[in-house]
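Proteins come first, then strands; the chains are lettered A, B, ... in the order of their sequence lines, and each starts at number 1.
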Amino acid sequence: MAGEVQLTCITHRDNFPVLAQSQLAYVLVELMPTQVMANIQMPLNFCFVLDQSGSMGDDDKIGQLREAVKFAIDLLQPNDIVSIVAFSGSPKTLVSGQNAHDKNHLKRAVDRLMASGGTQLGPAIRAGLDEVRKNLASNRINQLVILTDGQTENESACLSEAENAGRQGIKITALGLGVDWNEVLLVDVGNRGGGEAGFISQPHEIGSYFQQVVQNMQGAVVRNTLLTLRLTAGITPRKVWRVAPLITDLGVRGLADRDVQVQLGELVKDQGQGILVELTVPARGEGRFRIAQAELSYDVPMLGVTGERVLVDTIVNFAKNEPLTGSLNPRVMNIVEKVMAFKMQTRALQEAQAGDKQNATKLLRQAATMLLNQGESDLARTMKLEADRLESGAGLSEEGKKTIQFKGGKTVKLG
Amino acid sequence: MKPCSSCGTQNEDSAMFCDNCGANLGGGGMPVGAPVMPPAQPAYPSAAPAGGGVTCPSCGQSNMAGTMFCDNCGAALSGVAPAPAYPQPGVPPAAPVYTPPPAQPIPGFQQPGVPPAPGFPPAAQPFPAGPAVGAPPPMPCRLMIGGQQITVPQKSEAIVGRADIASGWNPDVDLTPFGGTPEAGVSRKHAKIVWQGVWMVEDLNSVNGTYVRGQRLIPAQRMPINNGETLQVGKLQITFFAQ
């Protein structure tokens, strides 16, 4: 079979100027599951690990959490396997790993979430992993979905458990609610667990986050995605970014002499992945040239497809005609600008952390300008306010810092 | 098998482009037998200043040709950004209060959810300020304001603005006698007319801006100007004549 994934490669301009020296080319590679996959879902085996410490009683966080979990249960298929671990000073298994065919039974268990006590995340991760391990299967999405609103005791226990999860292929999504949690820890937990961390600023947003997380698990229908970009002689890779669903600097990992190879893991329906590659192209005369050939290989376990391959050429024209070379591809340029804003923003957070408020202010303002150009006005406003704070001598606000860190990478949408 | 006329590599008969060097193997674009990779010629001296890259007008960083945003400070290097709502780095903020984006779309701005306008960047494309070429123009250019004519000094760079007696500042082109007052939004050092083989205009961080063909210039980024086109300095409308 073929046609499960659409692969496209476009450059920031169709016509490159003939120059005496090397120039930079931006290539956007997009990978998107096609309509063929519309009705396919991955079966799940996942565990909610939910904070029910005393602070969850404030602002009815616990009430919003109960409703959000019930909402997520409604999204499950009868053959999905779900478990629920609640934790405060110690973990308590509310639902042991089971099929989701009796949703009312599951929802009644959710009503036992009660806010009281301290926060011990490490043992809760272990209890959640134990539940997932009972039904561990390579043809299911094995995952932990953690939500916490506070600082945990014994962070090293959390990290070693996350490490164990990563080794067993159990992915971790770690969500922080409000501003009192430690983003360094949750990002580390997410990374070690092969997943990611996220920031939920308001309790009423938990529901939509859980919906997104469940749909992303069910929609992860393409697996073991590997992208290879074979470059024409003389062309060298300079930088590789993942731009969607989350802007990530892939640095020079996987950059070989004439190949760029990136392990992309799962492709989620309606979300896909976008990769931006910066290439150095040597001086060329007029004419059409292939600068690269992209090859994608992937599996679709639900269709019994393994090692399927797609090939796409990236062909550009070199011209001396100025009107031709002056026109840029808006789609690629918008993404290039968002990635550059992300780069500025990341450096701003580092500079602020290191105490260089002046530089951080400048970088934040530059990122805000770029994001405003791109219509990301909420994020731009947050950055502007944080830049003002820095300029007035104050530090970054917790909320602003978390918003920039966690939302600043989600500006690119494909499809 | 089909040999590549450029590098000699043997390619599959069905191949359109050489597997090794990417050259077109026929079937489109190039006449058969033509050299596939003719020696490159410098065709755009203004886009490729000596030194091999693009110097960032904002921070001075040297970037590779074709770079769209400065590697160091992120400033747009090819005029991709429309006139910014926020002050550019290095420019003192005009007002300390953040103004939320208005509900009405501003021309040139992309609103959330609205796909970018085709033809990005819009209309004319400002050139990054390259190092000054230095040679004076073969003949001076002229400016026409309200029926009066000014001959611009025959220099590679001429500063346009208004004289300030108190500080002893006298620009190459003093607009004061032609209505170039602070009320008309003319700064002391407002803009620069530059000869670098073609005529260019550069805004010098003026408060009220410099416009070419109705488009506000990004400070320190040069924009070409053609014979007979309108140059707006603050509120002052000026017609530019190349000779």
Side-chain angles (χ1 to χ4, degrees), chain A residues 12 16-26 232-235 238 280-281 283-293 313 315 317-318 320 322 325-331 333-334 336-337 340-341 343-344 362-363 365-370 372-377 380-381 384-385 388, chain B residues 7 16-24 28-30 34-44 47-48 52-53 63-70 73-76 78 80-82 84-90 93 96 98 100-101 109-121 125:
Chain A
H12 77 295
F16 285 75
V18 173
L19 297 181
Q21 77 256 19
S22 296
Q23 60 182 305
L24 200 58
Y26 301 88
T232 294
I235 295 179
R238 194 178 84 145
T280 304
V281 181
R284 291 249 165 174
E286 283 179 284
R288 278 162 60 78
F289 298 98
R290 179 173 69 194
I291 58 171
Q293 185 176 55
D313 282 331
I315 294 161
N317 193 41
F318 278 73
K320 291 183 181 175
E322 197 159 346
T325 58
S327 117
L328 301 172
N329 182 301
R331 189 163 157 60
M333 288 309 302
N334 286 332
V336 170
E337 185 159 25
M340 292 306 131
K343 190 171 136 183
M344 297 299 124
K362 198 171 138 189
L363 289 162
R365 288 199 196 287
Q366 178 65 23
T369 303
M370 298 172 111
L372 198 65
N373 285 342
Q374 292 298 328
E376 296 286 338
S377 38
R381 185 179 302 126
K384 173 69 169 58
L385 289 172
D388 289 348
Chain B
C7 70
M16 300 296 287
F17 292 87
C18 174
D19 255 355
N20 178 51
C21 73
N24 196 337
M30 302 208 56
V36 182
M37 270 214 290
Q41 288 164 9
Y44 295 97
N63 294 281
M64 177 184 294
T67 307
M68 288 290 146
F69 295 93
C70 175
C73 74
S78 78
V80 282
Y86 293 133
Q88 291 282 49
Y98 172 78
F109 268 84
Q110 202 189 319
Q111 296 298 312
V114 180
F120 184 94
Q125 198 185 330

Would you mind telling me which of [options] has the largest number of heavy-atom pairs within less than 4.5 Å of chain B?
| options | answer |
| --- | --- |
| A:H12, A:Q293, A:M344 | A:M344 |
| A:V281, A:I315, A:I291 | A:I315 |
| A:T280, A:L363, A:N317, A:D313 | A:T280 |

Shortest non-hydrogen separation from [X] to [Y] and the atoms involved:
| X | Y | answer |
| --- | --- | --- |
| B:F69 | A:M370 | CD2-CE, 3.3 Å |
| A:Q23 | B:M64 | C-SD, 3.8 Å |
| A:Q366 | B:C73 | CG-O, 3.0 Å |
| B:A65 | A:S22 | CB-O, 3.6 Å |

Discussion item. Given heavy-atom pairs under 4.5 angstrom as the criterion, report whether the side chain, backbone, both or neither of B:C18 touches chain A.
Written reply: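 For B:C18, the contact with chain A is made by the backbone alone.
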
Fill in: chain B contact via A:F318 - which portion, at a heavy-atom distance below 4.5 Å
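For A:F318, neither part sits under 4.5 Å from chain B.
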
